[in-house]
Structure formats: structure tokens, C-alpha cells
Asks: 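Before anything else, here's the structure in question.
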Amino acid sequence: MSLVDTLKDRKIQAMRDKQEIEKNILSVVLGEVQKLSPDKVNDETVVNIIRKMVKSNEETLAFGGSRVDILKKENEILASFLPQTWSVEEIEAFFLNGNGPEFETIQGAGNEGKAIGLAMKTLKAAKAPVLPEDVRAFVQKVMATA
């Protein structure tokens with residue numbers, strides 16, 4: 001079952017359960033998906049749409065306001081569709097356990113960009129579920145201890 005099918009099923013269930021916030025946010029996601037040409041729709045694309053929506057909600061939450069509770073609930077719903085990724089601490093543990101270059105190699109990469117590239121290459125080869133911003137935070141942490 002594709003992620004789009006899962007979203008549609010959850011929307012229908014939300015309608016039955018009279019869960020307005022869930023129904024509304026899933027309608028928005030599905031609306032964004034419908035804007036894409038059919039050959040561009042896949043789970044990865046849908047995940048990217050959801051991540052952008054979560055990020056947008058987080059930026060709006062920073063300003064506060066009357067919709068805080070709704071935005072938090074929307075992000076909770078949206079997050080349930082996102083694949084679990086490693087935290088900065090889990091990335092660090094991966095390298096500490098000898099699964100990639102030593103910290104010294106990352107620290108000695110010359111600059112942050114090269115160090116991130118080295119870390120990403122290693123993590124990608126291991127099929128590690130990471131977000132680029134978490135890898136950047138890990139590299140910054142490692143380079144700060146140099």
C-alpha cells in the first residue's frame with residue numbers, strides 16, 4: 001500500500017470519527033499531492049511534502065498565537081507518517097562503534113562541507129535513516145571538540 005493510499009484511508013477514518021483537525025491536515029497533504037503530475041508521485045515525494053508542512057508549522061509555532069494547539073496536533077499527525085530517523089546521538093554512536101571513519105578523519109576533513117560529505121557518504125552506504133540537518137549538527141559537534 002502506498003503512502004497516498006494510507007493517507008486517504010486515514011482521512012476517511014478521521015471523517016468517520018469526526019476528527020476535524022486530522023481530516024483537514026490530511027486533506028491539505030492530499031491536495032498538495034494532487035498538484036503533482038502522476039509520474040512524480042511516490043512515497044519519497046509525499047514524505048518531502050509532509051516534512052515541508054511540519055517545518056512550516058514549526059516556523060509558525062515560533063510566533064505563538066491562537067493556533068498553537070492546532071499546529072501541534074497537526075505536527076503530531078503528520079509525524080506519524082514520517083519514517084523514523086536517527087538522532088544526532090545515534091549518528092554519533094554509529095561512528096563511535098567503528099562503522100565509519102574515526103572522528104579524527106571527520107575533524108581533519110578541512111572544512112565543514114567536506115566533513116559532512118564524508119559522513120553522509122558513509123551513512124548513505126550503510127542505508128542509515130538520517131536527515132542532513134542532523135548530520136550537519138553531528139559534524140559541527142565533532143569539529144567543535146577538535
Side-chain angles (χ1 to χ4, degrees), residues 1-11 14 19-146:
M1 179 184 274
S2 74
L3 184 52
V4 172
D5 292 333
T6 303
L7 289 165
K8 288 176 181 178
D9 288 349
R10 280 271 300 266
K11 179 184 169 191
Q19 299 292 323
E20 287 299 311
I21 295 171
E22 185 168 357
K23 178 193 71 131
N24 291 340
I25 194 63
L26 295 179
S27 294
V28 173
V29 173
L30 290 167
E32 290 297 314
V33 170
Q34 285 181 338
K35 292 179 184 178
L36 301 172
S37 62
D39 61 317
K40 301 249 190 230
V41 177
N42 57 46
D43 284 358
E44 184 179 340
T45 306
V46 176
V47 165
N48 288 335
I49 289 170
I50 293 170
R51 278 199 178 110
K52 286 179 186 175
M53 293 178 76
V54 169
K55 185 176 181 181
S56 175
N57 280 356
E58 287 172 352
E59 290 169 354
T60 305
L61 280 167
F63 294 108
S66 61
R67 296 196 62 222
V68 169
D69 291 338
I70 293 170
L71 294 174
K72 285 181 180 179
K73 180 66 176 172
E74 286 179 358
N75 277 358
E76 181 183 307
I77 293 162
L78 292 170
S80 71
F81 295 101
L82 294 174
Q84 294 298 311
T85 58
W86 289 359
S87 66
V88 174
E89 293 75 22
E90 290 169 314
I91 295 168
E92 184 175 5
F94 172 84
F95 285 99
L96 281 172
N97 290 328
N99 294 312
E102 298 295 321
F103 286 113
E104 293 79 22
T105 307
I106 294 172
Q107 289 170 333
N111 64 47
E112 186 178 301
K114 287 181 183 177
I116 290 170
L118 178 63
M120 284 297 290
K121 181 179 177 184
T122 303
L123 291 162
K124 194 171 204 171
K127 297 186 188 304
V130 296
L131 295 174
E133 56 266 23
D134 292 333
V135 176
R136 170 175 270 118
F138 159 72
V139 167
Q140 289 172 340
K141 181 178 178 182
V142 169
M143 293 184 90
T145 61

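Computed from a prediction, not measured in an experiment: that's the story for all the values here.
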Asks: Looking at Arg10, Lys73, Lys11, which one forms a salt bridge (charged side-chain N to carboxylate O under 4.0 Å, His left out) with Glu22?
Replies: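 Output: one option passes, namely Arg10.
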
Asks: For the residue pair Met143 and Ala115, what are the closest heavy atoms and their distance?
Replies: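 Heavy atoms of Met143 and Ala115 come nearest at SD-CB, 4.0 Å.
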
Asks: CE/Met53 to CG/Leu82 distance, rounded to the nearest 0.5 angstrom?
Replies: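 Here the rounded value is 11.0 Å.
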
Asks: A side-chain contact here means heavy atoms from C-beta on lying under 4.5 Å apart; do Asp9 and Met1 qualify?
Replies: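 Yes - at least one pair of side-chain heavy atoms lies under 4.5 Å apart.
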
Asks: What is the minimum heavy-atom distance between Ile77 and Ser80, and which atoms define it?
Replies: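 In terms of heavy atoms, the two residues are closest at O-OG, 2.5 Å.
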
Asks: If I take atom CG from residue Asn75 and atom CG from residue Leu61, how far apart are they, to the nearest 0.5 angstrom?
Replies: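 The CG atom of Asn75 sits 6.0 Å away from the CG atom of Leu61.
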
Asks: With a 4.5 Å cut-off on side-chain heavy atoms, are Val130 and Phe94 touching?
Replies: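 Answer no - side chains too far apart.
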
Asks: So how far is it from Ile91 CD1 to Leu131 CG, rounded to the nearest 0.5 Å?
Replies: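 Output value for this atom pair is 8.0 Å.
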
Asks: Could you measure the distance from the CG atom of Asn48 to the CD atom of Glu32? Nearest 0.5 Å is fine.
Replies: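 The CG atom of Asn48 sits 12.5 Å away from the CD atom of Glu32.
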
Asks: Would you please classify the geometry between the Phe138 ring and the Phe95 ring as parallel, tilted or perpendicular, with 30° and 60° separating the classes?
Replies: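 Aromatic pair Phe95/Phe138 classed parallel.
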
Asks: Should we count CD of Gln84 as having more than 12 external heavy atoms under 6.0 Å?
Replies: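 Not more than 12 within 6.0 Å, no.
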
Asks: Any chance you could measure Met120, atom CE, to Leu123, atom CG, to the nearest 0.5 Å?
Replies: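 One finds 7.0 Å between CE of Met120 and CG of Leu123.
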
Asks: Using side-chain contact (heavy atoms from CB on, under 4.5 Å), reason through Asn24 and Ile70 one step at a time and then give a plain yes or no.
Replies: CA-CA 11 Å; Asn24 291 340; Ile70 293 170; over 6 Å; no

Asks: Please lay out, stage by stage, how Asn42 and Thr45 fare under the test side-chain hydrogen bond (donor to acceptor under 3.5 Å, both in side chains).
Replies: CA-CA 5 Å; Asn42 57 46; Thr45 306; 2.9 Å; yes

Asks: Once you round to the nearest 0.5 Å, how far does CG of Asp134 lie from CD of Glu89?
Replies: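 Answer for the CG-CD pair, Asp134 versus Glu89, is 9.0 Å.
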
Asks: Is any side-chain heavy atom of Thr6 closer than 4.5 Å to a side-chain heavy atom of Phe81?
Replies: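 With C-beta onward as the side chain, the pair touches.
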
Asks: Can you run down the salt bridge (Lys or Arg N to Asp or Glu O under 4.0 Å) pairs that involve residues 38-67, sequence neighbours left out, and say none if there aren't any?
Replies: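 Every pair satisfying salt bridge (Lys or Arg N to Asp or Glu O under 4.0 Å) with a residue in residues 38-67: Arg67-Glu74.
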
Asks: Taking the side chain as every heavy atom from C-beta outward, state whether Leu78 and Asn57 have any pair of such atoms under 4.5 Å apart.
Replies: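 A side-chain contact under 4.5 Å exists here.
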
